[in-house]
Amino acid sequence: MSESKDFLRTIVEEDLKSGKYKEVVTRFPPEPNGFPHIGHAKSIVINFGIARDYHGCCYLRMDDTNPTTEDTKYVEALKDAVHWLGFDWDDTVYYTSDYFPKLYDYAVALIKMGNAYVDSLNEEEIREYRGTVTEPGKRSKYAQRSVEENLDLFERMKKGEFKDGEHVLRAKIDMSAANMQMRDPLLYRIRHAHHFRTGNTWAVYPMYDFAHCLSDYIEGITHSLCTLEFENNRDIYDWVLDTLELEPPRPYQYEFARLSMNYTVMSKRKLLELVEGKYVNGWDDPRLPTIAGYKRRGYTPESILNFCDQIGVAKANSTVDVAQLEFAIRDDLNTKVPRVMCVLDPLKVTIENYEGSEALDASYYPDDVPKEGSRKMPFSKEIYIDREDFNENPPKGYYRLTPEQPVRLKHAYIITCKEVIKDADGKITEIKAEYHPESKSGSDTSGIKVKSAIQWVDAAQAKKVEVRLYDRLYSSEAPEGMEDLNPNSLQVIKNALVEPAVITEKPDERFQFEREGYFYADPVDYTDEKPVFNKIVGLKDSWSKKKRSSEPAPKPKAKKVQVDGEVVPMNEAEQALFDKYTGELGLNSEVANTLARDTQLSSLYEESLSVFNSPVLLANIVANEVARELKEKQLNELKFNAKQIAQLVKMVDDETISNKIAKQVFEQMAKTGEDPTQIVKTKGLVQISDPAIISPIIDEIIAKNPDNVAKFKAGNTKLLGFFVGQVLKTTGGKANPKVVNELVAEKLK
RNA sequence: UGGGGUAUCGCCAAGCGGUAAGGCAACGGUUUUUGGUACCGUUAUUCGGGGGUUCGAAUCCCUCUACCCCAUCCA
């Protein structure tokens, strides 16, 4: 785990510490209407991960409130995904549909309280009545129905007496709410549909907003974690739970940013399109970001888990670079899997001076991987190397075999090219070479220096295999539609050659094909007769990068132009106030502006000014500190008054306390309403300005931080803040910062 | 045009008034029988812009800008 915890963990920790909850309970609540993808993995890791870290528990709950889109095949896929990622849920899967009876009762309770009604507007009318984001909506006339009538209607809805869409149950909240979600949200709709779990027992189904919060409550969830697009729904979440006056404790909802990655689509709709349109081969196509896809491609659960840890959790919409995921799988596989040799594009090499055959010892792991294991590699006169590893006219910096440059066959001998055989088209069909008998791997006495060691297979004993080379599904970084598909996302190589041990010994399912990448025996199509390997990810390739980077020019970076909008002009009264403040009272225009535009601030300011006449100091504290309090509260909700502000400022004015302390005192005053003089007295916050007291403290700090002293003297003047900060810290903020500054600067000279 | 969010390096992301963490990517170098790995080093005088408060601001205040979400009987 990373050292710094994310904001969700911070909240959970605080809630546990404060005793708000005894134990943390989370849930992963997918709707079973699609295959889980790596975005779900992020959510799984967050929910199950937090439960694990804080010794709580996490439930897997299918949010199955919409019978028309959901299916049991998706619940299986979801269960698989969670299991595969290594999380357990005591083998009990929860379903929102299990709570349908309870949910129904809660709805009845709401009706009885007069907080819900049966509406009989049709769909279109409901939309119209809802208004728009800028215009308020209006309430349906049916909202006036009596409790009895609502109860009766709702029961008959449940019994199936009405057709789909005839009535709905709505919460009675506020049709003019600025939050559109609060304009009498729908709670239940009639659906004569077969539900994959409850069959035909229900004719009404709860909506997300009603079912989710209550399911959380029923299960005893403490922290209901969801993605950003539900921020607007939090108000209903709270409304339902609060209005029902449920016995505490109740859950609270927190939102985090969903995962998006470049070169990838994550929406259920787009994924479905790819599958149904046969752009890919099913939900487990290795090019898909589905869990099933990654699993089939050969990704390990650990790599996905690590990836999720590395990207963090926050509230900013962001797009993670797929390179980050690719790093995670490479990093995981590097220390785990055996290295073997596979030639993807075979080029025959005949070693003219070699006769017979031998079996060479070859370790499965390089020296830097602490694992044991080896196999025998057959070697004889005819071998294959990769076409890429020979070049008749090599570019500068080419390390492999050329007519002039020998190369080592990894785990075997050094060979030198003697002749290049070509067909009529000029295509190289074979290399005639000679090997150096004394250059055998492990006992090389030849003294020949080679630039690299390449992979090879013995022609007689190599096994033919199919290799599926996967690349990014999209060639566009932010894919929109099918036009952005990468036409080369799948390349099938039917005649790759792999060394025999891979097939006969099967040391693993995943391999590094040396110098190529990581590969996985396809769990579906692999047979002993026809082995199939999927490319999981390539190795980092600084050679091809070097070749490429010599060509294209760097992209031009256009800096965004910052447009400044127009400031709303002041009205007459505000302008008059502003003029008075800047003129008569000598405030700076920014502070005057803040005060003049806010009647609450200006009234408080003037009132305190009448108590203590220090216009600038007072203005500063009102425009800065008081303004903050007034952001959340109304004037009459404040625990302090103008007189107390004046009192505080007076202490600053006569230098009883420093500005820093004043802020601290202000905060307490705002919280408790205590008199500032009282706070200063009881806490002993009077400013220390006597150099005789401050000086030894500075000496001590200087003695304790010789490194920083050296850095400071070397020119890092930012460190002045460090030293001042340390002194203030040790004096509890009471040291006079001006004095400290002077003293520190002096001593460090 | 209302409400709710978000802005810190090419991509993620810490930071909560006192020296701008870390990872990925990139670029150098060392080691290497993988152009891999590992290891070392370089990359933000600056936190969306502008003001203000403060001895000191990414952090507090004001203001502007950009992007995301909300008007499904979806979740």
Side-chain angles (χ1 to χ4, degrees), chain A residues 2-4 31 33 63 65-66 69 123 126-127 130-137 164-165 168 177-181 183 186 188-191 207-209 212 228-235 255 257 262 310-312 314-321 323-324 327 330 334-335 339 366-369 397 399 408 410-411 441-442 444 450-455 512 514-516 539-544 546 560 562-567 588-591 593-594 597 620-621 623-625 627-628 658-660 663 708 711 716 718-726 728-729 737-738 740-742:
Chain A
S2 45
E3 314 128 38
S4 50
E31 184 191 12
N33 71 343
D63 206 1
T65 57
N66 186 355
T69 57
E123 209 172 326
I126 286 179
R127 216 186 337 268
R130 189 146 37 215
T132 70
V133 288
T134 48
E135 301 153 29
D164 284 11
V168 291
N179 180 355
M180 294 290 293
Q181 308 280 4
R183 320 251 256 228
L186 273 61
Y188 268 90
R189 77 286 214 183
I190 300 170
R191 258 310 112 91
M207 302 292 290
Y208 166 86
D209 284 312
H212 202 95
L228 251 30
E229 65 270 28
F230 291 101
E231 270 173 333
N232 297 314
N233 300 247
R234 192 174 54 223
D235 282 350
E255 310 86 13
N262 54 9
Q310 284 160 9
I311 57 171
K315 292 196 76 162
N317 278 315
S318 56
T319 303
V320 175
D321 193 337
Q324 186 97 24
F327 167 82
R330 274 194 211 107
N334 175 44
T335 55
R339 270 61 169 176
D367 291 336
D368 50 20
V369 172
Y399 290 173
R408 172 173 294 282
K410 177 135 189 173
H411 299 308
S441 187
D444 184 357
V450 292
K451 291 248 173 68
S452 71
I454 62 171
Q455 74 273 28
Q512 185 193 109
E514 292 224 31
R515 304 209 303 134
E516 290 290 350
L539 258 25
K540 262 174 83 169
D541 184 359
S542 44
W543 167 238
S544 68
K546 201 181 269 176
K560 264 192 225 148
Q562 182 77 31
V563 185
D564 269 357
E566 220 149 277
V567 179
N588 78 42
S589 60
E590 196 61 35
V591 172
N593 185 53
T594 304
R597 283 171 183 273
N620 283 344
I621 206 154
N624 286 289
E625 308 303 312
R628 180 174 57 247
S658 64
N659 256 300
K660 190 188 181 81
K663 295 197 180 198
N708 282 337
K711 275 196 224 165
N716 189 348
K718 276 187 294 188
L719 256 3
L720 187 64
F722 165 77
F723 288 108
V724 175
Q726 289 296 307
L728 263 80
K729 202 172 162 190
K738 282 181 195 158
V740 174
N741 253 296
E742 280 165 25

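Naming: A, B, ... by sequence-line order, numbering from 1 per chain. Worth knowing before you read on, the calculation uses all heavy atoms, side chains too, and leaves out hydrogens, waters and symmetry mates.
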[N] [atom2] sits how many Å from [X] [atom1], rounded?
X         : N      : atom1 : atom2 : answer
Asp321(A) : A25(B) : CG    : P     : 9 Å
Gln562(A) : C67(B) : CD    : C1'   : 13 Å
Glu31(A)  : C74(B) : CD    : C1'   : 7 Å
Asn593(A) : C62(B) : CG    : P     : 11 Å
His212(A) : A75(B) : NE2   : P     : 11 Å
Phe722(A) : G17(B) : CZ    : P     : 18 Å
Gln310(A) : G23(B) : CD    : C1'   : 6 Å
Glu229(A) : U72(B) : CD    : P     : 16 Å

Per-nucleotide protein contact string for nucleotides 50-61 of chain B (B base, S sugar-phosphate only, - none; heavy atom under 4.0 Å): -BBSSBBB--SB

Nucleic acid footprint by protein, nucleotides 33-40 of chain B - heavy-atom cut-off 4.0 Å, B for base, S for sugar-phosphate alone: BBBBB---

Assigned glycosidic conformation for U46(B) [threshold 90° from 0]: anti

Which part of the nucleic acid, if any, lies within reach of [X] when heavy atoms closer than 4.0 Å are counted: base, sugar-phosphate only, or nothing?
X         : answer
Val133(A) : base
Tyr188(A) : nothing
Thr65(A)  : sugar-phosphate
Gly565(A) : sugar-phosphate
Glu123(A) : base
Asn233(A) : base
Gln324(A) : base
Asn716(A) : nothing

Upstream residue (5' side of RNA chain B) when Met207(A) and Lys711(A) are each assigned their closest nucleotide: Lys711(A)

Residue mapping more 5' on RNA chain B - nearest nucleotide basis, Ala323(A) or Val563(A): Ala323(A)

Is the distance from OP1 or OP2 of [N] to the nearest side-chain N or O of [X] less than 4.0 Å?
X         : N      : answer
Arg597(A) : U63(B) : no
Arg183(A) : A71(B) : no
Thr69(A)  : A75(B) : no
Arg130(A) : C73(B) : yes
Arg191(A) : C74(B) : yes

With sequence neighbours excluded, residues passing ring-ring contact (aromatic ring centres under 6.0 Å, His included) with Phe722(A):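 Here no residue qualifies.
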
Partners passing side-chain contact (heavy atoms from CB on, under 4.5 Å) against [X] (at least two apart in sequence or in another chain):
X         : answer
Thr319(A) : Ser260(A), Asn262(A)
Ser658(A) : Lys660(A), Ile661(A), Gln687(A), Pro737(A)
Leu228(A) : Glu231(A), Glu255(A), Ala257(A), Lys315(A), Asn317(A)

Side-chain donor-acceptor contact under 3.5 Å, Asn624(A) with Arg628(A): no

Could you tell me the Watson-Crick or G-U partner of [N], where both distances fall under 3.5 Å? Say none if there is no partner.
N      : answer
U54(B) : none
C27(B) : G41(B)
G2(B)  : C70(B)

Salt bridge (charged side-chain N to carboxylate O under 4.0 Å, His left out) partners of [X], counting only residues at least two apart:
X         : value
Glu31(A)  : none
Arg183(A) : none
Asp444(A) : Arg408(A)

Listed pairs, N/O of protein and of nucleotides 44-47 of chain B, under 3.5 Å:
| from | atom 1 | to | atom 2 | distance (Å) |
| --- | --- | --- | --- | --- |
| U46(B) | O4 | Lys718(A) | NZ | 3.1 |

Minimal non-hydrogen separation, Tyr399(A) against Ser452(A), with atom names: O-OG, 3.2 Å

Which nucleotide in C64(B), G2(B), C24(B) has an atom nearest any side-chain atom of Met180(A): G2(B)

Closest listed nucleotide, where the reference is the side chain of Val320(A) and the choices are G23(B), C12(B), A75(B): C12(B)

Between N or O atoms, less than 3.5 Å apart, protein on one side and nucleotides 5-8 of chain B on the other: list the pairs.
| from | atom 1 | to | atom 2 | distance (Å) |
| --- | --- | --- | --- | --- |
| G5(B) | O2' | Glu231(A) | OE1 | 3.3 |
| G5(B) | O2' | Glu231(A) | OE2 | 3.3 |

Counterpart residues, side-chain hydrogen bond (donor to acceptor under 3.5 Å, both in side chains), relative to Asn179(A) (two or more places apart):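 Checked Asn179(A) against side-chain hydrogen bond (donor to acceptor under 3.5 Å, both in side chains); matches are Asp235(A).
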
Pairwise C1' distance for U46(B) and C70(B), with rounding to whole Å: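 My reading of the C1' atoms in U46(B) and C70(B) gives 35 Å.
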
P-based separation of C39(B) from G51(B) [nearest Å]: 44 Å

